[in-house]
Number of protein chains: 2
Amino acid sequence: MPKQGMEPIRRDALVRATIAELGAAGTLDVTVSQIARRAGVSSALAHHYFGGKDQIFLAAMRRILSDFVAEVRRELKGVPREGRAAAIVRACFGGSSFTPEAVGAWMCFYVMAQSNPQALRLWQIYHLRLRSNLIHALRPVCPRPAAAADTLGALIDGLYIRAALDPELSPAQAERQALTVLANLCGDRK
Amino acid sequence: MPKQGMEPIRRDALVRATIAELGAAGTLDVTVSQIARRAGVSSALAHHYFGGKDQIFLAAMRRILSDFVAEVRRELKGVPREGRAAAIVRACFGGSSFTPEAVGAWMCFYVMAQSNPQALRLWQIYHLRLRSNLIHALRPVCPRPAAAADTLGALIDGLYIRAALDPELSPAQAERQALTVLANLCGDRK
DNA sequence: CTGGAAACTGACCCGTCAATCAACTTCCCT
DNA sequence: AGGGAAGTTGATTGACGGGTCAGTTTCCAG
C-alpha cells in the first residue's frame, strides 16, 4: 500500500538493515534480498532507490562514518584541552561506535575499500580526519603528536579487528588498553 | 602430459597461487579458476587435490601461519632474554611476513575467520601462540607482561590493516612504531 | 604386454544472485 | 474526475562460479 514521502524512510531502513546484516554476517557476502527483507521491502525497491548493491553499501559506510564523527563531537563537547585525546579514544569505544554490529560492519568496509575505489576514498577521508583530530588533541600533551597519532590510530584499528574476532574482548578492556598507551605516549618524557 | 609424483608439487603451486591471488585482489572474491590458472593447472585438478574451495583457502592460511612461525623462530635464534620481545616484533614486519602479498592474504584470512569455523580455529591458535610467546618474552623486561602482550598484539594487527590499505606505510615505519610502543610499555616504570 | 592407478582436462550441470521489467496500487494536483 | 507521479512488487533474465564426470594420456608393477 504505497504512501507518499516514503523515500527517506525506505532509504533509512535499508541503510540500517545493511549495517545490521553486514554486522551479523561479518562478511560482504550479503545479498540484496537479505537486506531488503530485513528492511521489510522487496529487493527491487532497494535497487530502485539506490541503483545497485555497491551504492547501498557505500550509503551504509557513509552512515557509520557520520555516526562516528557525531560520537566524537559529542564526546569532545566541553572537554578541556588536555582531555581531548582521551575523549576521542572514548568515542571510539563507546556509544554506538563499538557495538558488535558496528564493528562487524566496519570490518566489512575495510574489506570493501581494498577493491572499491569509492570505498577507499571514504576510508582515506575518515583516516585523515581522525589523524588530524588526534594530532590536534595530542599537541598540548605530547612531545611528538604526529607519531603518537599514527600509533594510536593503528592500535584502535587493531582493537577493532580483535573485537570482531574475539567476543571476549569487551569495550571497556579495549578502551583501557588504548588509554594506557595514550598515557605512555604522553608521559614517558617527563 | 602426466608425470608421477606430481601431487606435492601441484599442492604447493596451488597454495602459492592462492596466496598470490588473494594478496593481489585483497578480497576473498577469487575464483578457483583464477587460482588454478596462475598455478598452471585446470580448476578441476584443484578440486581433485583439495576437495573444494574452502580447503584450498585453509591450506593457504596454514601455509602463511607456518611461514610466520618459522620467521619468529629464525629471528629468535641466539637472541638474549632481554631482546626476545623486540625480535618477535621484527619477525612480524620483516622477511616474508610483511610483503604486500602476504599482508593482503592475511587480511583475507581475518575475513574468512568471521564466517568459517575452521579458519576461526586456526586464527585462535595463532593468536594464543603469539600471545604466549610475547608474554614469555616480555616477562624479563616488563612489569605487566600479559597486558603489554595484548596491547602489542593489537597494535601489530592494526599496523597490518593499515599497511593493506595504505601503500605509503613502509615495513620500516611500522616496525619502528611497534618497537617504540614496546619500549614505552617496558620502560615507563623506572 | 597389459591392466590399473595416477595425472589431468574440457565440457557440463546447477544454484545463486544482481539487475531489469512490466505491471499494479495509491496519492495528489488541476 | 482523471492523469500523472511516486511507491511497490513478482517474475524474469543473464552471468558467473563451484563442483562433477567422463574420458584421455602417461607411467609402473607384475
Nearest to the side chain of [X], which nucleotide is it out of [options]?
X	options	result
A:Tyr49	D:dG18, D:dG7, C:dC8	D:dG7
B:Ala44	D:dC21, D:dG18, C:dC8	D:dC21
A:Val41	D:dT9, C:dC8, C:dA18	D:dT9
B:Met6	D:dT8, C:dC8, D:dT20	C:dC8
B:Lys3	C:dC8, D:dC27, C:dA18	D:dC27
A:Gln4	C:dC17, C:dC27, D:dG18	C:dC27

Check this for me: does any side-chain nitrogen of one of B:Asp12 and B:Arg16 sit under 4.0 Å from a carboxylate oxygen of the other?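 Yes, charged N to carboxylate O under 4.0 Å.
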For a 4.5 angstrom cut-off between non-hydrogen side-chain atoms, does B:Tyr110 reach B:Asp157?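 Heavy-atom side-chain distance check passes, below 4.5 Å.
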Write down the distance between CG (B:Leu14) and P (C:dC8), rounded to a whole number of angstrom.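 Roughly 10 Å, once rounded to whole Å.
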For B:His48, answer base if it contacts any base atom (sugar-phosphate contacts may also be present), sugar-phosphate if it contacts only those atoms, and nothing otherwise; contact means non-hydrogen atoms under 4.0 Å.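 The answer is nothing, as B:His48 stays clear of every strand by at least 4.0 Å.
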For B:Arg162 and A:His127, run side chain to side chain donor-acceptor pair (under 3.5 Å): C-alpha distance rounded to whole Å, both residues' side-chain angles, the deciding distance at 0.1 Å, then the answer. CA-CA 10 Å; B:Arg162 295 197 158 205; A:His127 183 254; 3.2 Å; yes
Quick one: side-chain contact (heavy atoms from CB on, under 4.5 Å) partners of A:Glu71, sequence neighbours excluded?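 For A:Glu71, the residues satisfying side-chain contact (heavy atoms from CB on, under 4.5 Å) (neighbours in sequence not counted) are A:Arg74, A:Glu75, A:Ala91, A:Ser96, A:Ser97.
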Hey, which of these two, A:Gly51 or B:Gly40, hits DNA chain C nearer its 5' end, going by closest nucleotide?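 The residue mapped nearer the 5' terminus is B:Gly40.
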Counting only side-chain nitrogens and oxygens, does B:Arg10 get under 4.0 Å of the OP1 or OP2 atom of C:dA6?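 For B:Arg10, the contact criterion (side-chain N or O under 4.0 Å from OP1 or OP2 of C:dA6) is not met.
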